[in-house]
Asks: 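So that we are looking at the same thing, I have put the structure below in structure tokens.
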Amino acid sequence: MPCLMGLDISTTGAKALIIDETGAVIASANAPQPISQPKPLWSEQNPSDWWDGISASIRAALAESGLRGDDISAIGLTGQMHGLVLLDAKGDALRPSILWNDQRTQAQCDYMTEVIGADHLLELTGNPAVTGFTAPKILWVRDNEPEIYAKAAQVLLPKDYIRYKLTDAYATDLAGAAGTSLLNVAERAWSAEVLDALEIPPEWLPPVHEGTEVSSTISAAGEAATGLKAGTPVVGGGGDQAAGAIGMGCVTPDVIGVTVGTSGVVFAPLNSFAYEPEGRLHAFCHAVPDTWHFMGVMLSAAGSLQWYKDTFAPDLEFDALLAEADEVSAGSEGLFFLPYLTGERTPHPDPLARGAFIGMTSRHNRGHMTRAVLEGVAFGLKDSFTLIDQAGLPEQFEVRISGGGAKSPIWQRIIADVLAAPLVNVNTTEGGAFGAAILASVAAGLFADAASACAAMIQTDETVKVGDHVAAYAERYEIYQSLYPTLKDTFASL
């Protein structure tokens, strides 16, 4: 039976996944990845750590499965979006990668908006200039590390550095490229106008490929490092959110994806390019050919709960902590949590936004605080869901949920009530790596397109129905919406 491999370079791990043509998982291996925050607002990783990690994971997955490299029909790539990998003419990394959650580039975002124009930038790239995106990172290096900038010869995204190490080819996918602020998203090609305005050499950027298109093949050096077979096709793949959406079957506009990972994402496929007029939603190319998507992103979703547990209940198991929250009534007796622990992106693109508990009284205990965190994240997801709804949801649609936070029954019930929509679970929890492997299955000729592959490999599971708290949460959501505007200036002063 043909086997596919999906590789995922996430912020926390380098993962290799092997599945068969039915979608059954054969083997999975993950190598944890270190992260550095050398200054406030900074977030970096070393590309060499990704390569060491993914090489080890590939070998471990092959060993676990008992397969050889030539048993893998095709390979899909995914990984964290927006990160800047800057290479010299020899292909060596010039500095640590500046990651998606790095917030140092506000001055460069302001410059981009000034020289291109806010409205025109939206028309071209589908998005405002955002601190997490790649283009302002390039400008930051130019402005602050001119000696490194002078040596630059190639710009890659994190997963595309792994592609380069595996295949000796420079290439990227359209879903990832759309998150750089350098792509004409409607035309699915690098924007000569943006590159010219920012004085970024176009030869620094790799060729772009659709997600199911073969971009390159495993090189002899890639075979020696990983055990994969030289000549095995590697597809364009997709950024982590696009690949994760494919892993949930979100390939047509009637299937909306909600992901509760470290960050929180609401993902809505589009049959044609569109953008939110105020730029409060991301508008990107999908990893499905000739498809686009709206995406709302909150930076700290399950990350908020992880921080909360590590800080206030480090010795308590998650199940016990959430059981306390389940004893608290909906609304946490007036206690609110703002989940802006690392700034925010949707609907408030503000790196200076901060987390907060609001409404605390002597009646509140740890159970109230825990539930307030769960509800605050659910309200943050509703911010994105509301914007997508205003942009035009289909008359009939299904909401599918995934991510580590989605494993919690109480959190799923809260999210279903806050969104006022049933939540459908799917049969896989492998995330972006699974979606990348699905894209590879199309290139291997096993399926005609991504929709056919998803239909064959993904089954829906338990549905969480809407409960009795929709009206109560609708009232509290109005209060939640008022909190950021009230505190915005205070956050900035802090």
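In this text the structure is predicted, and so the values were computed from the model without any measurement.
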Asks: Please evaluate residues Val85 and Val155 with respect to the criterion side-chain contact (heavy atoms from CB on, under 4.5 Å), reporting the C-alpha separation (whole Å), side-chain torsions for both, the decisive distance (0.1 Å), and the verdict.
Replies: CA-CA 6 Å; Val85 182; Val155 169; over 6 Å; no

Asks: Just grab all the salt bridge (Lys or Arg N to Asp or Glu O under 4.0 Å) pairs involving residues 387-398, residues at least two apart or on different chains.
Replies: Glu398-Arg400

Asks: Scan side-chain atoms only and decide if Thr252 and Asp254 contain a donor-acceptor pair under the 3.5 Å cut-off.
Replies: yes

Asks: Scan Asp143, Thr131, Thr113 and name whichever one has a side-chain hydrogen bond (donor to acceptor under 3.5 Å, both in side chains) with Gln108.
Replies: Asp143

Asks: Could you grab the distance from atom CG of Leu322 to atom OG of Ser408, nearest 0.5 Å is fine?
Replies: 4.5 Å

Asks: So for atom CD, which belongs to Glu123, do other residues, nucleotides or ligands contribute more than 12 heavy atoms lying within a distance under 6.0 Å?
Replies: yes

Asks: For a side-chain contact (heavy atoms from CB on, under 4.5 Å) check, start with the C-alpha distance between Thr212 and Asp449, then their side-chain angles and the critical distance, and finish with the verdict.
Replies: CA-CA 8 Å; Thr212 55; Asp449 51 36; over 6 Å; no

Asks: Just verifying a value: how many Å separate Phe294 CZ and Leu393 CG, rounded to the nearest 0.5 Å?
Replies: 10.0 Å

Asks: Judged by modelled atom types alone, do Ser332 and Glu375 share a side-chain donor-acceptor pair under 3.5 Å?
Replies: yes

Asks: What's the verdict on side-chain contact (heavy atoms from CB on, under 4.5 Å) for Ser329 and Arg371, showing C-alpha distance, side-chain angles and the deciding distance?
Replies: CA-CA 9 Å; Ser329 61; Arg371 188 174 185 106; over 6 Å; no

Asks: Identify whether the distance between the nearest side-chain nitrogen and carboxylate oxygen of Arg188 and Glu210 falls below 4.0 Å.
Replies: yes

Asks: Thinking salt bridges, do Glu44 and Arg95 make one under a 4.0 Å N-O criterion?
Replies: yes

Asks: Do you know the tightest heavy-atom contact between Ile438 and Cys454?
Replies: CG2-SG, 4.2 Å

Asks: Under 6.0 Å from the six-membered ring centre of Trp100 and within 45° of its axis: does the NZ or CZ of Arg345 meet both?
Replies: no

Asks: Examine distances only and state if a side-chain atom of Glu276 and a backbone atom of Gly279 form a donor-acceptor pair shorter than 3.5 Å.
Replies: yes

Asks: Have Asp20 and Thr22 got a donor and an acceptor in their side chains that come within less than 3.5 Å?
Replies: yes

Asks: Among Arg413, Lys407, Gln412, find the one that has a side chain to side chain contact (heavy atoms under 4.5 Å, CB included) with Pro409.
Replies: Arg413

Asks: Starting at CD of Glu478, measure out to CG of Leu483 and round the result to the nearest 0.5 Å.
Replies: 12.0 Å

Asks: Should the pair His348 and Tyr340 be assigned to parallel (<30°), tilted (30 to 60°) or perpendicular (>60°) ring geometry?
Replies: perpendicular

Asks: Mind checking what makes ring-ring contact (aromatic ring centres under 6.0 Å, His included) contact with Phe312, not counting sequence neighbours?
Replies: Trp307, Tyr308

Asks: Go through the steps for Ile401 and Asn425 under the test side-chain contact (heavy atoms from CB on, under 4.5 Å), then give the verdict.
Replies: CA-CA 6 Å; Ile401 189 166; Asn425 287 272; 3.7 Å; yes

Asks: For Asp173 and Lys159, what are the C-alpha separation, side-chain angles and deciding distance, and is it a salt bridge (charged side-chain N to carboxylate O under 4.0 Å, His left out)?
Replies: CA-CA 10 Å; Asp173 72 288; Lys159 73 171 185 337; 2.4 Å; yes

Asks: With a cut-off of 6.0 Å (strictly less than), are more than 12 heavy atoms of other residues, nucleotides or ligands near CD of Glu187?
Replies: no

Asks: Under 3.5 Å, is there a donor-acceptor pair between the side chain of Trp292 and the main chain of Val185?
Replies: yes

Asks: Inspect the contact between Glu333 and Arg363 and indicate whether a charged nitrogen and a carboxylate oxygen are less than 4.0 angstrom apart.
Replies: yes

Asks: Looking at Asp489, I want to see if its CG is surrounded by more than 12 non-hydrogen atoms of other residues, nucleotides or ligands under 6.0 Å.
Replies: no

Asks: Under 6.0 Å between the ring centres of His368 and Phe337?
Replies: no

Asks: Salt bridge or not for Asp383 and Arg280, using N-O below 4.0 Å?
Replies: no

Asks: Verify the distance criterion only: is there a donor paired with an acceptor across the side chains of Asp49 and Gln45 at less than 3.5 Å?
Replies: no

Asks: What orientation do Tyr161 and Trp50 show, parallel under 30°, tilted 30 to 60°, or perpendicular over 60°?
Replies: perpendicular

Asks: For residues Ala177 and Thr172, report the shortest heavy-atom separation together with the two atoms involved.
Replies: CB-CG2, 4.1 Å

Asks: Kindly say whether the aromatic ring centers of Phe267 and His286 come within a distance under 6.0 Å.
Replies: yes

Asks: Where does the angle between the aromatic ring planes of Phe379 and Tyr480 fall among parallel (under 30°), tilted (30 to 60°) and perpendicular (over 60°)?
Replies: tilted

Asks: List the atom pairs, with distances to 0.1 Å, where a side-chain N or O of residues 235-251 and a protein N or O form a donor-acceptor pair under 3.5 Å, not counting sequence neighbours.
Replies:
none

Asks: Will you find, in the side chains of Thr342 and Asn101, an N or O donor that is under 3.5 Å from an N or O acceptor?
Replies: no

